[in-house]
Amino acid sequence: MWNKTVLSQLLQIEYPIIQAPMAGGPTTPQLVSEVSNSGGLGMIGAGYLSADQVRTVIQEVHQQTKLPFGVNLFVVEEEAISESDLHKSFDALEPIRKALKLPNEVPDVKASLTIERHVEVIIEEGVSVCSFTFGIPPQSIITRLKENNIIVIGTATTVEEAIAVERAGMDAVVAQGSEAGGHRGSFLGESKGGLIGTMALVPQIVDHVKIPVIASGGIMDARGFAASSMLGAEGVQMGTVFLTTVESGAHDLHKKAIMNAAEENTVITKSFSGKEARGIENDFIRLMNDNAFIAQYPIQNTLTKSIRKEAANQGNADYMSLWAGQGTRLNKEMTVKELFEELVSEIDRKLK
């Protein structure tokens with residue numbers, strides 16, 4: 001029998017298990033809705049979506065579940081685009097563009113990074129939860145969401161970041177350990193300082209904040225859930241384990257790479273986006289590590305977008321971003337429903 005945690009009561013979910021909001025395609029409406037229908041909290045990774053695209057995905061999820069789900073947004077400060085950095089990075093990527101037979105044209109990188117319209121869409125569409133990564137949104141956004149009874153969750157990779165999340169008035173915080181796949185949520189100090197393992201990070205954050213703490217990073221099964229609970233977490237956020245489900249929108253080559261990866265095959269890299277992210281090492285990462293110039297986010301992300309897309313089209317995993325955490329040996333190929341039933345059953349046995 002599951003005891004209702006503060007987090008599960010707050011989110012109005014049966015099990016305090018959140019599916020990580022993986023931007024870029026993996027979090028399909030089917031994946032999100034199936035997680036919520038199974039008793040957890042499905043999350044839309046909306047970091048790369050326009051406000052109109054977010055509305056469409058939200059409406060598709062609403063058609064498939066009546067239970068709570070959430071949307072995750074990136075918090076990125078708009079900075080002046082450095083033409084020098086743009087062209088240095090563009091030139092560094094030329095050998096890869098040639099290998100994929102892509103045109104040698106510099107893309108437009110002057111996209112808007114504001115999220116105010118996204119927030120309005122979330123409110124208008126009646127979403128239950130809004131989470132943020134890469135930083136803390138303006139206070140006006142947090143206030144607007146809470147005025148509309150939307151739960152607000154932040155992301156932290158250090159104790160200081162978690163304290164900042166709590167001070168901003170957010171309702172809960174994800175403690176993202178260094179084992180986690182995809183982008184790091186670091187936003188205070190040097191990003192390399194945010195590479196603290198989940199086992200060390202969670203109890204220290206728990207000791208310094210009063211809001212519910214959600215453990216994230218390397219959590220793949222009931223053992224990870226039980227360990228997180230012992231460390232004081234109110235719930236867990238799991239990402240990599242969902243990437244190989246039937247409902248995941250991850251490319252088949254991405255899924256295959258995860259199923260064939262061992263714990264030492266993932267690395268932290270800025271090469272694809274300009275921000276630190278954990279993924280399976282491939283030729284692209286190795287080539288960029290050879291002293292290639294890497295521009296800051298979002299310049300690098302925009303410059304590599306066509307490369308990642310064309311590599312996927314050509315079935316070339318060597319130039320794709322294969323985001324994954326360190327627990328890949330524990331991945332399985334199954335439906336979300338099967339995964340959740342197995343996970344809950346195992347947790348039940350451990351809680352007895």
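On a predicted model such as this, the values are computed, not experimentally measured, just so you know.
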Can you find a heavy atom in the side chain of F187 that is under 4.5 Å from one in the side chain of F134? no

For the residue pair R97 and F90, would you count it as a cation-pi contact if the rule is NZ or CZ under 6.0 angstrom from the ring centre and within 45 degrees of the ring axis? yes

Check whether the side chains of R308 and S321 place a donor and an acceptor atom closer than 3.5 Å, and report yes or no. no

One thing to verify: whether E247 and K337 come together as a salt bridge, which I'm taking to mean a side-chain N less than 4.0 angstrom from a carboxylate O. no

Quick one: does E263's side chain have a donor or acceptor within less than 3.5 Å of a partner on Q326's backbone? no

Please tell me whether T65 and S36 have a donor and an acceptor in their side chains that are separated by less than 3.5 angstrom. no

Do other residues, nucleotides or ligands put more than 12 heavy atoms under 6.0 Å from the CD atom of Q9? yes

F74 ring center within less than 6.0 Å of F132 ring center: no

Does the side chain of Q176 come under 3.5 Å of the side chain of S216 through a donor N or O and an acceptor N or O? no

Side chain to side chain contact (heavy atoms under 4.5 Å, CB included) with L339: which of N331, T245, V246? T245

Check this for me: Q314, atom CD, are more than 12 non-hydrogen atoms of other residues, nucleotides or ligands nearer than 6.0 Å? yes

Distance-only polar pair, side chains of E179 and T198, donor-acceptor under 3.5 Å: yes

Is the shortest side-chain N to carboxylate O distance from R55 to E125 below 4.0 Å? yes

Enclosure of M334 CE (heavy-atom neighbours >12, cutoff 6.0 Å): yes

With distance as the sole criterion, is a donor-acceptor pair present between the side chains of S82 and S84 under 3.5 Å? no

In terms of side-chain heavy atoms, does R349 have a donor or acceptor partner in S345 at a distance below 3.5 Å? yes

S8 and T5: side-chain donor and acceptor closer than 3.5 Å? yes

By the definition side chain to side chain contact (heavy atoms under 4.5 Å, CB included), identify the one residue from L195, T155, T157 that meets it with S186. T157

Give a yes or no on whether the ring-centroid distance for W323 and H183 is below 6.0 angstrom. yes

